[in-house]
Each structure stands twice: as structure tokens, then as C-alpha cells.
Amino acid sequence: MAAMLSIEELTHHFDGLCAVADFSLTVEPGELVGLIGPNGAGKTTIFNLITGVFRISQGRIFFEGQDITRWPSYRITAAGIARTFQNIRLFKDLSVLDNVRLGGFARHGYNIWQALLHSRGFRREEQAWLRQAYELLERFNLTRYADTVARHLPYGEQRRVEMARALISGPRLLLLDEPAAGMNDAESQALIQLIRDMQRDFGLTIILIEHQMRVVMDLCQRVKVLDFGMTIASGPPREVQHDPAVLEAYLGKDGALAE
Amino acid sequence: MAAVMPQRRYLTWGSITLLLALSWVLPESGLLNPYVVQILMYVGINMILTLALNLVNGYMGEFSVGHAGFMAVGAYMSSILTVWVIPPALSFWAFPAVLVAGGLAAAATGLVVAFPSFRTRGDYLAIVTLAFNMIVKSVLENLEILGGPRGFLGMPRLTSLPWVTAWVLLTLYLCRNLVYSNFGRGLMAIREDEVAANLTSVDTRKIKMYAFLISAFFTGVAGGLFAHLLQFINPRSFSILKSTDMLVMVYLGGIGSLTGSLLGATIFTLLLELLRPLGLWRWVVGPLLLVLLMIFRPRGIMGLKESKWFIPRFGAGSRRS
Amino acid sequence: MLQVLGQNVLNALQLGSVYALIALGYAMVYGILTMINFAHGDIFMVGAYLSLAAAVFLLGLPFKAPLPFVFVGALLFSMFLTALLGVTVERLAYRPLRQAPRVSAVITALGVGLFLENFTLAMLGPQPRHFPGLIPMQPWNIFGLTLTPLQVLIILLAALLMVLLDLLIRRTLLGMAMRAISYNRPIVPLMGVPVDRVISLTFAVGSAIAAAGGLLYGLAYPVLDPYMGIRIGWWAFIAAVVGGIGNIRGAMLGGYILGFVEIFTPVLLPASTYRDFVAFSLLLLLLVFKPTGLLGRPMFERV
Ligand SMILES: Nc1ncnc2c1ncn2[C@@H]1O[C@H](COP(=O)(O)OP(=O)(O)O)[C@@H](O)[C@H]1O
Ligand SMILES: [Mg+2]
């Protein structure tokens, strides 16, 4: 009955600069909501607030009915919100496999003593995780990179590792921050398909920040448009696209809304 | 993912048994002269120190410059027990428990550093550990009941090569297990990117707490072994210079590597012995070698690499070798 | 009572001046390279020995050199050579490690420090050396306080050097380049700033000031030994941290604070052995509650 995520009147300042102003959003299970707006509009900041990177000073956030406003990041992630980053943040000196396994940190079922002794339960659990990690690697076409150190991976693959790492935590809500950044047409076409498949197979609800309008148009049922921290429009992407406020926000900055 | 290969398991157990047997037989039979045995014991104690410090500095990527403080706590605690509490007749049998008690005392003081590490990182945390080291030393200097600056003595010589060997193996085993578990991967995640670690559901506070407690515990155990080898300790043995020695061993051998820890401790200890004929100049040549090593091999000999031997078979494929 | 207090304030200012001069070197290098130059205390020690050598040489000249001349000569000589030492250390030991992990540079600095200590020890032997008096010792009595010319000289000269350094950093092109590098090293070369030269000069200036501290320290506490740089170096380092590491004015402030802590702890507590305990406990508490020191900027984290 409760919404998957509901954000109430979120406001955030950076020394005087208002990065997010009075932002509200309710996301129902199974939705795919887009968050768009020119650079510096406050989109990433919203993700950071949802996931507990910044302390929330004004506003509240509920996830599946629980008030997560003050929770630390790791608890929020463990509760079922996973994300990727605009500028990829992998653990660069660790292998791809370890990166992915780390995503499941909160769900591993052994304690420190079992780990120190490598007990039978520990091994069973590790093997189960390993299997799951390999399944995800397989799915994202990364199996042959399992032992590669993340920093040696090509850019596109790094993005996929981030997704695999997010998915292994078993999230119900996934936050994707500009997943198509730097991709050409064919690549973003593949990405659209990948996101669709992920959503279907893992039963995900997704919030997507994206600049490439094609991706947004294809995927999102509705979008919110931000500019200077303020919500200037919301609705189905095709309607929003012709909203004069939106056109102005973009024309004033990045040029026309490219399709 | 396959079951542990039987040959390898036999090989491991075989070499462990052989090592323990040798460490007992060689000194007993007089095949090794006491001087060499003494050096080997120092190598072992330094291995424990290096493995323990590598957890914090190498795997977790923080920079503790104060581990000698933990060593001091372990050394004094265990010495108090054997000198004042345990009847001499029992002290031989009680020795492992005494060392564990020293380790636990050190771990308890580890909290002093673990809590600030939640909020403070990098250079500032390094300074917190430095202050911790200085405070421990200064407290010991002011505790007249423990001999103050003159030190504490009267411990029986309980440390022997088999004990040292056993503790090295135990430390190595537990550190290995820790490193190849989610807790160990959590440590490395903190080193790589703490914010991202938190966002991938790693409870970084818990991990830091474990890291400092476990590291301090083994450092304390090594302190106990050290005290019962020398039979005399004073606060100056645990000054910042001792911490520096440990740092050198870690960064010499290589950060984030068990093999590197063992190598670093061995090379450091043996090299200082080999340079002994140089007299005063030993302390000129030693640092010079260190600087050269850092310039030509900034991550140490085995930095972030591991010998295949230490990587558990199940779920391997996680480290380069 | 008030007299004792006043006397101790003077002593604290004198000691604090020396700490402040050395703390500056830590702060400058940290500011520009974010590296803790653990060898700096030993650079100070070398500076003290070089002043000693120059003073002894000048005093031994066949004609009787006037004392102010000897003082200035020793000061300039040791400042110059110590600056050269600082630059050489940076050039040979730290520069190759610019791209390496930061801790490698720190370990290297520890190694350089050990090297300087033990090299001095091996060359000169363990017996402490006495510093000749260059400044008249007969005290002045003002309001019942005993004030020696030496104390006045130390406090004033240190203050003068600090003002000059502050001007250098705030008003000159070199200072601007230094601040630019500490603000954002990657983009500075793009703006035509010769980064390597600026870093060399930073080491030169920091080392020269430490050498001045060495001479003043030698005059005030006239026994030198090769390990003297360890304790004083650590205290000066704490001073830099208390002020907010990397912050020049903070380092000066921290130097005086540490001077006061060291002088007043034995006054307030019975045994003088408590002064390390007090200083480091203060440091620990400060860092727990204000992790960036008194004047330091908080660290930023971009996500
Ligand atoms: N950690 C931070 N500290 C200070 N300002 C920040 C920080 N993160 C973002 N900002 C500022 O907040 C505004 C919104 O940034 P962001 O949320 O990253 O925008 P978007 O993701 O929409 O491009 C920008 O003006 C940016 O400079
Ligand atoms: Mg963004």
C-alpha cells in the first residue's frame, strides 16, 4: 500500500548555494521515473541525499513506509536502495569479482568469528555468494574479466560492473546516475534494453538521471525536471519536452533539447 | 569453487607440522646456536607485528604510526601477570593464556584509536595514533609501580622458538581467513573508496572497529612474546621509533600482502643483523637502503600481490598472484 | 606569584618561538605537497650544528670578531647551507615519489630523518656539543621580571621572520604560486607556474627558517646532540597540527600554544615527565572534537 519511495519537501544547501529546493517525489513499485535537468541542477545531490551521503537538514524520506531520513548509507543500501555513480566509483585496485561481491556485504550470513575460522557455514555462504556473483557477471557479459583489476577495465565495462555491484545487494529500488554518459547511439540502445531487462527480471523500481533524451523517452513513464534545485516541470516525457519552462532552462544552458 | 584439492591440503599440514617440529628440535638438539635461535625468534615476533599492522595500514589503507603503543600494553600486561599473579610453577603452562590476556588488553586500548577513526581519516588519524603512542609511553614513564622510566623486569624467559612459530602460524592463519572474507574485502573497500564502500552496504564503522581490535590484539601478543624473550622492558622500547620499525617492515614487504609481511619482517630483521659489523654506520646505511627501496619500488616488494599459497581455493580468483 | 607567572610567560614565548619557526616548515611542505615531512626535525638539528660550526669558526679567527658579527654570520651561513640541504633532500628523495602512493613519501621522509640523525652521530660521535654564548647574558630587571637580551632577541627575531614569511606568502608572486599549488596542483602547470621550482623554493625557505630556529635554540639551550631533532621535531609537528596542518598562521599559533603547554605543565603538575602526556592528550582531544585543527579547513569529498 505504501509507496516504494516518498520524498517530502527536501531542501539542501552548500554554503549558501541552494542545490535542492523543496523537492518532493513519490515513486510507486515498478515505476521507472526520470530525473532530468541541466548540469548543476541538483540531480546527483538528490541521489546523495536519498542514499545518506549528505546529512538531510530539511525534508524527509520514506522507503517502503520506513523513515530513512537519518539512516547511515550502509543501512539504506542494506534496506534495498542501490545506486550507480555519475563518475564511476569502483574499488579500483580490487578485482571485478571482488567489486561485485562487495555489493552483497550486508546480505552475507556469517559473523566475524565464522570468518576468522573459515567455518563450514562461512564456506557455504561464500560459495553461494560466489555463484551469485558469477551469475551477475555472466549476465553483464563480464565473466572473462572476473579476475581483472577494475582500473584496467574499459569504460563501458566499468559501468556494467557498477550495475552488477548494485544488483547483488538485492535492491528493490535502483538509482542510476547518467548510465548512458559517453555512449554512442548503438551503445545507449543496448543500455535501454539492459535496463528494461533488469527491471523485469529483478522486479526493480528505478529512478534514472539521464541527459540523453532518447534514453529518457524510451524508458521513463514520467519525469521530473529540475533547474537550479527547483522542480520546474513533471509529467510524461513527451508533454514535459514541450513545456516552455523546460525549453528555457535548457536553451539558456545546453542548447536545444536533443532528440 | 571445487573442494580443496587434497594434495595441497596435505602439503600445507605437512609443512606446518614440519615447521613446528623443526622449531622444537633444532634448538633443543643444539644444531642451531642460541644466537641464531634468538634472531629467528625476533624474525617471528616481527612477522606477527607486521601482519597485524598490515591489516590497518595495508589492507584498510589508514596510516597508524602508533602501534608500538599496543605492543607496550601487551608487553606490560603479560609481564604483570607472569611476575605478580601467576605462580612460577604454572607460568610455563599459563603462557598462552597470558599472551592472550596481553592481546586483549591491547585490543581494549585499540578502542581509543578505533572510535576517532569513525570521524577522522588520513593524516589526522595518523596523528591520533601517534598521540596514542606517545600517551601510552608517557603514562608508563609516570607509573612508578611499573618501574617508571627504568622499566619492568623479572619475567621468566618463556618465549621459545616453538611458541613463536606457533603464534606466527596462528596469526597468519587468522589474518589470511579475515582477508579472504567479506570483512577483508570490506577493509580493502575502505582503502579504495570509503564513501562508495558505505554505499555498497559495507558497515565501515564495524569493519574499522574489527580491524583495530584484531590488529591491536596481535600486536599485544607480539609485545608479550617480546617481553618474555628480553625479560626486561621499559617505556623507551615502545617509543615512536619502534612504530617506525613496524612501518618500515610493512612498506618494505609490501602493503596489502601476507607474503609481503612475512618477507618484510624477515628482510628487515636479518639485514639489521648483517649490517651489525658496520657499528654506528648500520643506522646510516639502513635508512639509505629504505629510501632507495621506496624510490624504486614505492609499494614495497610484494605490494598488493599475494603468493598463491595463501589464497584459499574456494572462491579464489580474487587477487593477483 | 604574578612574577612567577610573568617569568613563565616569557619562557613560554621563547620556547614557543622556536617551535613556531620549525612548525612553519611542516606546514609549508604539507600545504604544497600534502606530505608530512618527518625529516624536518632533523633538518632543524643539522641547522643547529651548522650554526655551531660557523660560530666556533668565526670565534676562532685570529682577529677578535665582534659578537653581533659572529651571530649574523652564523645565522646566514647555517640558513644558506640548511636551505641547500632541504632542497637536496627534496630533489633526491621526495621528487621521484611525486606520483607514488603518499605513504611511500612519508616512509621516505622517516628514512631521511633517521639517516640525518645517524650520519651526524657517526661523524661527530655521541658526546653532546656545547654552544658558545654569543649574546650578552646579563639580565635586565623590569617590574621584578628577569629579562635577558637573549630572550628578547629570540622572541623578536622569530616574530620578524614570521612576519616576513607571511608577507612572502601573501604578497609575492612566489607566495601566490605556492598558494595556487596547494589549492590545486593538477591545473597549476597549465597556468605557466614552474611547479618544481616553487616546490624547491618552499623547501629552501622552510629549511632556512628551521636553521634560524636551530641557532636560536642552540643559544637558549646550549647543548646539542644528534637526536635533539626528534623530540623538538615532534613537538613542532604537533604545533603544526594543532594550528591546522598546512596552514601557516595556524602553525605559528600552534607553536606558541605548545610553548605554553610545555612550560606550564611542570608548573601546574608536580613531575615534569607529565608534559608529553598533557601535550599529546590535548592533541588527541582536539583532533577528536575538531579534526582539522584550530585554523584548518575541513576536507572535502565530492560524490
Ligand atoms: N559536495 C559538494 N559541495 C559543494 N557543492 C556541491 C557539492 N556537490 C554538488 N554541489 C553543487 O550543487 C549543485 C548541484 O550539483 P549536482 O547535484 O551535482 O548537479 P547535477 O547532478 O544535476 O548536475 C552544483 O552547483 C554543484 O556545484
Ligand atoms: Mg550529476
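The figures here come from the full heavy-atom set of this structure, side chains too, leaving out hydrogens, waters and symmetry mates.
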Q: Could you check which of B:Leu247, B:Ile240, B:Thr244 has the highest count of heavy-atom pairs closer than 4.5 Å to chain C?
A: B:Ile240
Q: Identify which part of C:Leu121 has an atom lying under 4.5 Å from any heavy atom of chain B, answering side chain, backbone, both or neither.
A: both
(Q) I'd like to verify something: which residue of B:Ile295, B:Val65, B:Val112 has the highest number of heavy-atom pairs under 4.5 Å with chain C? (A) B:Ile295
Q: Using non-hydrogen atoms and a 4.5 Å limit, figure out which bit of C:Leu283 sits close to chain B: side chain, backbone, both or neither.
A: side chain
Q. Counting distance only, does the side-chain N/O of C:Asn118 pair as donor-acceptor with the main-chain N or O of B:Trp283 below 3.5 Å?
A. yes
Q: To the nearest 0.5 angstrom, please state how far the CG atom of B:Leu293 sits from the OG atom of C:Ser104.
A: 9.5 Å
Q. Out of curiosity, C:Met123 CE to B:Trp281 CH2, how far, rounded to the nearest 0.5 Å?
A. 5.5 Å
Q: Under 4.5 Å, counting heavy-atom pairs only, tell me which of B:Pro116, B:Ala126, B:Ser138 racks up the most with chain C.
A: B:Ser138
Q: Step through the shown structure and confirm whether more than 12 heavy atoms of other residues, nucleotides or ligands are within 6.0 Å of CZ on C:Arg231.
A: yes
Q. Hey, is CZ on B:Arg236 packed in by over 12 heavy atoms from elsewhere, all under 6.0 Å?
A. no
Q: For the residue pair B:Val291 and C:Val112, establish whether any side-chain heavy-atom pair is separated by less than 4.5 Å.
A: yes
Q. When you look at C:Leu287 and B:Ile127, which way does the side chain to side chain contact (heavy atoms under 4.5 Å, CB included) test go after all the steps?
A. CA-CA 8 Å; C:Leu287 286 183; B:Ile127 295 158; 3.5 Å; yes
Q: Among the options C:Val288, C:Leu114, C:Ile107, C:Leu284, pick out the one with the most heavy-atom pairs lying under 4.5 Å from chain B.
A: C:Ile107
Q. Which answer fits B:Val136, side chain, backbone, both or neither, if we ask what part of it has an atom under 4.5 Å from a heavy atom of chain C?
A. neither
Q) Are any non-hydrogen side-chain atoms of B:Leu130 and C:Phe237 less than 4.5 angstrom apart? A) yes
Q) Which atom pair, heavy atoms only, marks the closest approach of C:Pro101 to B:Arg299? A) CG-CG, 4.0 Å
Q.
Counting heavy-atom pairs under 4.5 Å with chain C, which one of B:Leu280, B:Ile135, B:Leu241, B:Leu290 comes out on top?
A. B:Ile135
Q: Flag yes if more than 12 heavy atoms outside B:Ile145 fall under 6.0 Å of its CD1 atom; otherwise flag no.
A: no
Q) Considering only heavy atoms, which portion of C:Tyr94 lies under 4.5 Å from any heavy atom of chain B: side chain, backbone, both, or neither? A) neither
Q. Is it the side chain or the backbone of C:Ile238 that comes within 4.5 Å of chain B heavy atoms, both, or neither?
A. neither
Q | For the student: nearest non-hydrogen atoms of B:Met294 and C:Leu97, plus distance | A | O-CD2, 3.2 Å
Q: Evaluate the criterion side chain to side chain contact (heavy atoms under 4.5 Å, CB included) for residue pair C:Phe280 and B:Phe132; output intermediate values, then yes/no.
A: CA-CA 8 Å; C:Phe280 284 100; B:Phe132 166 77; over 6 Å; no
(Q) If you define the side chain from C-beta out and look only at heavy atoms, does anything of B:Met134 sit under 4.5 Å from C:Trp234? (A) yes
Q. For C:Val106, is it the side chain, the backbone, both, or neither that has a heavy atom closer than 4.5 Å to a heavy atom of chain B?
A. side chain
